[in-house]
S.K.: 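Got a structure for you, written out below as structure tokens; questions coming shortly.
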Amino acid sequence: MTRPTLAITMGDPAGIGPEIIMKALARPDVHALCRPLVIGDAARLRQAGRMVGAETGVDALSDAGAADFETAAVQCVDLRIVPEDLPFGKVSATAGEAAYRYIEKAVQVVQAGQAQGICTAPLSKEALHAAGHKFPGHTELLAHLTGTPEVSMMLVSPKLRVIHVTTHIGLLDAIAKIEPGLVERVIVRGHDVLVKAGIANPKIGVCAINPHAGESGLFGRGEEAEKITPAVEACQARGWDVRGPLPADTLFFLAGRGDYDMVVAMYHDQGHGPIKVLGLESGVNITVGLPVIRTSVDHGTAFDIAGKGIADERSLVEALRQAVDLAPKPAAA
């Protein structure tokens with residue numbers, strides 16, 4: 001199989017991103033999967049490499065086209081934004097600006113055909129905002145940079161896939177935003193991703209909003225019938241195996257044992273909770289609907305342990321695997 005090139009953004013340079021990248025790229029199995037190209041600051045990666053005891057060197061590149069994937073050194077498009085004395089574990093506008101520029105450059109690299117997908121290390125929303133970039137997170141930022149009007153967040157673990165109808169908004173606002181057209185579009189995006197991943201006729205379960213799916217009108221104000229059922233019926237009319245709205249607690253149990261290929265969650269915590277219970281080290285965040293493939297670790301910057309060399313790289317490795325599965329394969333390595 002031809003290895004795709006993946007642009008790996010360094011995330012917030014004050015967080016654990018540089019450390020988990022150096023740990024992950026020291027693993028031969030990662031290089032067997034893909035050609036990793038880091039978008040970040042080479043000096044910061046070298047600093048992180050010393051912290052984690054990585055023997056791998058770092059090549060500072062002025063352009064993605066200069067990458068040499070035959071060498072053992074980490075290939076880094078070096079934006080040279082981070083000062084040497086930037087402390088680990090602290091929120092700063094400097095780090096927030098760097099995280100933004102890494103993402104911006106990664107999008108340009110993929111759009112130029114120099115990589116087939118993007119894999120992101122975590123950023124700090126607070127630092128991003130301090131730098132003047134008022135985005136709730138990676139998902140919305142990538143949608144902005146690619147001119148995509150609507151995207152969805154999918155979380156993947158070895159036992160569960162969850163796509164979200166709403167994400168980074170308050171619960172009352174989320175319920176107000178949910179409507180049949182939005183629910184249907186999210187199901188369609190999730191269905192398309194699963195089909196591309198090789199699941200010919202995925203079985204999709206759709207969560208209700210209220211406990212017990214409203215219990216025939218006893219709980220809530222008829223949100224299930226008004227906001228969700230029409231979308232489920234529209235997808236069923238396409239000949240798809242879509243079921244719901246179903247009580248979320250029961251649905252996640254059934255999906256966890258393999259009865260469903262994907263769960264459609266109505267709001268952030270409804271979908272994130274079950275995935276994170278299964279383990280942060282195995283979770284992957286996929287942005288669905290972009291013109292580029294994007295996966296990410298399913299954890300934050302971990303400022304409390306940043307700079308100590310103890311961060312776990314397994315979620316990043318799994319995110320790279322998922323990106324390889326979804327990315328278009330180049331004609332030649």
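Please read all numbers here as calculations on a predicted model, not as lab measurements.
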S.K.: Are any non-hydrogen side-chain atoms of Leu45 and Met22 less than 4.5 angstrom apart?
M.R.: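 Leu45 vs Met22: side chains touch.
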S.K.: Would a distance-only check, ignoring hydrogens and angles, find a side-chain to backbone donor-acceptor pair under 3.5 Å from Arg101 to Glu97?
M.R.: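 Between the backbone of Glu97 and the side chain of Arg101 there is no qualifying donor-acceptor contact (under 3.5 Å).
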S.K.: Give, for atom CG of Asp78 and atom CG of Asp63, the distance between the pair rounded to the nearest 0.5 Å.
M.R.: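 One finds 12.5 Å between CG of Asp78 and CG of Asp63.
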S.K.: Could you report the tightest heavy-atom contact between Gly96 and Ala131, atom names first, then the distance?
M.R.: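 Closest approach of Gly96 to Ala131: C-CB, 3.8 Å.
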S.K.: Give, for atom CD of Glu104 and atom CG of Leu142, the distance between the pair rounded to the nearest 0.5 Å.
M.R.: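 Output value for this atom pair is 11.5 Å.
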S.K.: Below 4.5 Å, heavy atoms only, C-beta onward: do Met266 and Val206 meet side chain to side chain?
M.R.: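 Yes. Closest side-chain heavy atoms under 4.5 Å.
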S.K.: Please say whether more than 12 non-hydrogen atoms of neighbouring residues, nucleotides or ligands are located less than 6.0 Å from CZ in Arg80.
M.R.: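 It does not: Arg80 CZ has 12 such atoms or fewer within range.
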S.K.: Check which hydrophobic residues are tied to Phe303 through side-chain heavy-atom contacts below 4.5 Å, counting indirect links as well, and list them.
M.R.: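 Phe303 shares its hydrophobic cluster with Val91.
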S.K.: Nearest 0.5 Å, what's the CD1-CG distance between Ile204 and Asp241?
M.R.: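 It comes to 8.0 Å.
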S.K.: Can you tell if the side chain of Cys235 reaches within under 4.5 Å of the side chain of Glu184, non-hydrogen atoms only?
M.R.: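 They are in side-chain contact.
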S.K.: Indicate if Leu86 and Leu79 have the same hydrophobic cluster label, given that clusters are the connected sets of ILVMFWY residues with side-chain heavy-atom separations under 4.5 angstrom.
M.R.: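 In one cluster: yes.
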S.K.: Side chains of Pro202 and Val195: does their closest heavy-atom pair fall under 4.5 Å?
M.R.: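 Of all side-chain heavy-atom pairs linking Val195 with Pro202, at least one is under 4.5 Å.
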S.K.: Could you walk me through whether Tyr102 and Val77 pass side-chain contact (heavy atoms from CB on, under 4.5 Å), step by step?
M.R.: CA-CA 9 Å; Tyr102 302 153; Val77 177; over 6 Å; no
S.K.: Between Gln270 and Ala208, is there a donor-acceptor pair closer than 3.5 Å when you use the side chain of the first and the backbone of the second?
M.R.: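 It does hold such a pair.
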S.K.: Do you know the tightest heavy-atom contact between Thr148 and Gly289?
M.R.: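 Shortest heavy-atom separation between Thr148 and Gly289 comes out as CG2-O, 3.6 Å.
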S.K.: Would His164 and Tyr267 satisfy ring pair (Phe, Tyr, Trp, His ring centres under 6.0 Å), going step by step from the backbone distance to the final call?
M.R.: CA-CA 6 Å; His164 294 69; Tyr267 52 90; 9.1 Å; no
S.K.: Closest approach of Val30 and Leu25, non-hydrogen atoms and distance?
M.R.: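 Answer, listing the atom of Val30 first, then Leu25: CG1-CD2, 3.9 Å.
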S.K.: Can you name the closest pair of heavy atoms from Asp12 and Ser124 and give their distance?
M.R.: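 Heavy atoms only, the tightest pair is OD2-CB, 3.5 Å.
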S.K.: Is a donor on one side and an acceptor on the other found under 3.5 Å between the side chain of Thr56 and the backbone of Val74?
M.R.: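 Checking the backbone N and O of Val74 against the side chain of Thr56, no donor-acceptor pair under 3.5 Å is found.
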S.K.: Measure the shortest side-chain to side-chain distance between Ile8 and Ile21 over non-hydrogen atoms and say whether it is less than 4.5 angstrom.
M.R.: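 Yes. Closest side-chain heavy atoms under 4.5 Å.
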S.K.: Do Leu145 and Leu128 sit in the same hydrophobic cluster, where Ile, Leu, Val, Met, Phe, Trp and Tyr count as joined when their side-chain heavy atoms come under 4.5 Å apart?
M.R.: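 In one cluster: yes.
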S.K.: Decide yes or no on side-chain contact (heavy atoms from CB on, under 4.5 Å) for Asn285 and Thr295, but give the supporting numbers first.
M.R.: CA-CA 5 Å; Asn285 184 332; Thr295 66; over 6 Å; no
S.K.: Would Leu33 and Arg3 count as a side-chain contact (heavy atoms from CB on, under 4.5 Å) if you check the C-alpha gap in whole Å, the side-chain angles of each, and the deciding distance to 0.1 Å?
M.R.: CA-CA 6 Å; Leu33 281 171; Arg3 295 176 301 155; over 6 Å; no
S.K.: Indicate, with yes or no, if Val38 and Ile103 share a hydrophobic cluster defined by side-chain heavy-atom contacts under 4.5 Å among Ile, Leu, Val, Met, Phe, Trp and Tyr.
M.R.: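 In one cluster with Ile103: Val38, no.
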S.K.: If every non-hydrogen atom of Val263 is compared with every non-hydrogen atom of Ala255, which pair is closest and at what distance?
M.R.: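 Scanning both residues completely, I find the closest heavy atoms to be CG2-CB, 3.5 Å.
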S.K.: Thr301 side chain to Pro122 main-chain N or O, any donor-acceptor pair under 3.5 Å?
M.R.: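 Not confirmed, Thr301 side chain does not pair with Pro122 backbone.
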S.K.: Could you pull out all residues at least two apart from Asp29 that satisfy salt bridge (Lys or Arg N to Asp or Glu O under 4.0 Å)?
M.R.: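 Partners of Asp29 by the salt bridge (Lys or Arg N to Asp or Glu O under 4.0 Å) criterion, ordered by chain and then number, come out as Arg27, Arg321.
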S.K.: Do we see a donor-acceptor contact under 3.5 Å between the side chains of Asp68 and Gln75?
M.R.: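 Checked: Asp68/Gln75 side chains show no N/O donor-acceptor pair below 3.5 Å.
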S.K.: Are the side chain of Asp41 and the backbone N or O of Val82 linked by a donor-acceptor pair below 3.5 Å?
M.R.: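 It does hold such a pair.
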S.K.: May I ask you to decide if Phe135's main-chain N or O and Glu140's side chain share a donor-acceptor pair within less than 3.5 Å?
M.R.: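 Pair absent, no side-chain N/O of Glu140 close to backbone of Phe135.
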S.K.: Are Arg161 and Tyr260 in a cation-pi contact, defined as NZ or CZ under 6.0 Å from the six-membered ring centre and within 45° of the axis?
M.R.: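 Negative - Arg161 is either too far from the ring of Tyr260 or too far off its axis.
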S.K.: Within a strict 4.5 Å, meaning less than it, do heavy atoms of the Glu223 and Ile178 side chains meet?
M.R.: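 No, every pair of side-chain atoms sits at 4.5 Å or beyond.
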S.K.: So, the side chain of Gln322 versus the backbone of Ile286: is there a donor-acceptor pair under 3.5 Å, distance only?
M.R.: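 A pair under 3.5 Å: no.
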S.K.: Short question: side chain of Glu313, backbone of Lys23 - any donor-acceptor pair under 3.5 Å?
M.R.: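 It does not hold such a pair.
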S.K.: Taking Arg294 for the side chain and Ile118 for the main chain, is one N or O donor matched with an acceptor at less than 3.5 Å?
M.R.: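 Flag not set: sc Arg294 to bb Ile118 has no pair under 3.5 Å.
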S.K.: Calculate, to the nearest 0.5 Å, the distance between atoms CG and CG belonging to Leu254 and Asp259 respectively.
M.R.: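 Taking CG in Leu254 and CG in Asp259, the distance rounds to 5.0 Å.
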S.K.: What's the spacing between Lys105 NZ and Thr9 OG1 if we round to 0.5 Å?
M.R.: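 Spacing of NZ (Lys105) from OG1 (Thr9) equals 14.0 Å.
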S.K.: With rounding to the nearest 0.5 Å, note down the distance linking NZ in Lys203 to CE in Met262.
M.R.: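 If I round to the nearest 0.5 Å, the distance is 13.5 Å.
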S.K.: Any chance the side chains of Ser92 and Thr94 put a donor and an acceptor closer than 3.5 Å?
M.R.: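 Side-chain D/A pair, Ser92 to Thr94: absent.
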S.K.: Does Lys134 use its side chain to pair, donor to acceptor, with the backbone of Ala130 at less than 3.5 Å?
M.R.: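 Between the backbone of Ala130 and the side chain of Lys134 there is no qualifying donor-acceptor contact (under 3.5 Å).
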S.K.: What is the minimum heavy-atom distance between Ala26 and Pro28, and which atoms define it?
M.R.: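 Smallest heavy-atom distance, with atoms named: O-CD, 3.6 Å.
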S.K.: Counting only heavy atoms not in Leu218, do more than 12 fall under 6.0 Å of its CG?
M.R.: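 Counting neighbours around CG of Leu218, more than 12 heavy atoms of other residues, nucleotides or ligands fall under 6.0 Å, so yes.
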S.K.: Check whether Leu141 and Met10 end up in the same hydrophobic cluster, where Ile, Leu, Val, Met, Phe, Trp and Tyr are linked by side-chain heavy atoms less than 4.5 Å apart.
M.R.: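 Not linked; separate clusters.
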S.K.: Under 4.0 Å between a Lys/Arg side-chain N and an Asp/Glu carboxylate O for Arg189 and Glu150?
M.R.: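 Yes.
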S.K.: Any heavy-atom pair between the side chains of Val109 and Gln111 that's under 4.5 Å?
M.R.: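 SC-SC contact between Gln111 and Val109 ruled out.
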S.K.: Do the non-hydrogen side-chain atoms of His31 and Pro36 ever get within less than 4.5 Å of each other?
M.R.: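 Side-chain contact under 4.5 Å: yes.
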S.K.: Has Glu126 got more than 12 heavy atoms of other residues, nucleotides or ligands less than 6.0 Å from its CD?
M.R.: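 Incorrect, the count does not exceed 12.
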S.K.: Carefully, step by step, assess Cys119 and Leu316 under the rule side-chain contact (heavy atoms from CB on, under 4.5 Å).
M.R.: CA-CA 8 Å; Cys119 186; Leu316 178 59; 3.7 Å; yes
S.K.: Please tell me whether Met154 and Ile187 are part of a single hydrophobic cluster in this structure, the criterion being side-chain heavy atoms less than 4.5 Å apart.
M.R.: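 Met154 clusters together with Ile187.
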S.K.: Can Glu318 and Arg314 be counted as an ion pair, charged N to O under 4.0 angstrom?
M.R.: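 No, Glu318 and Arg314 are not salt-bridged.
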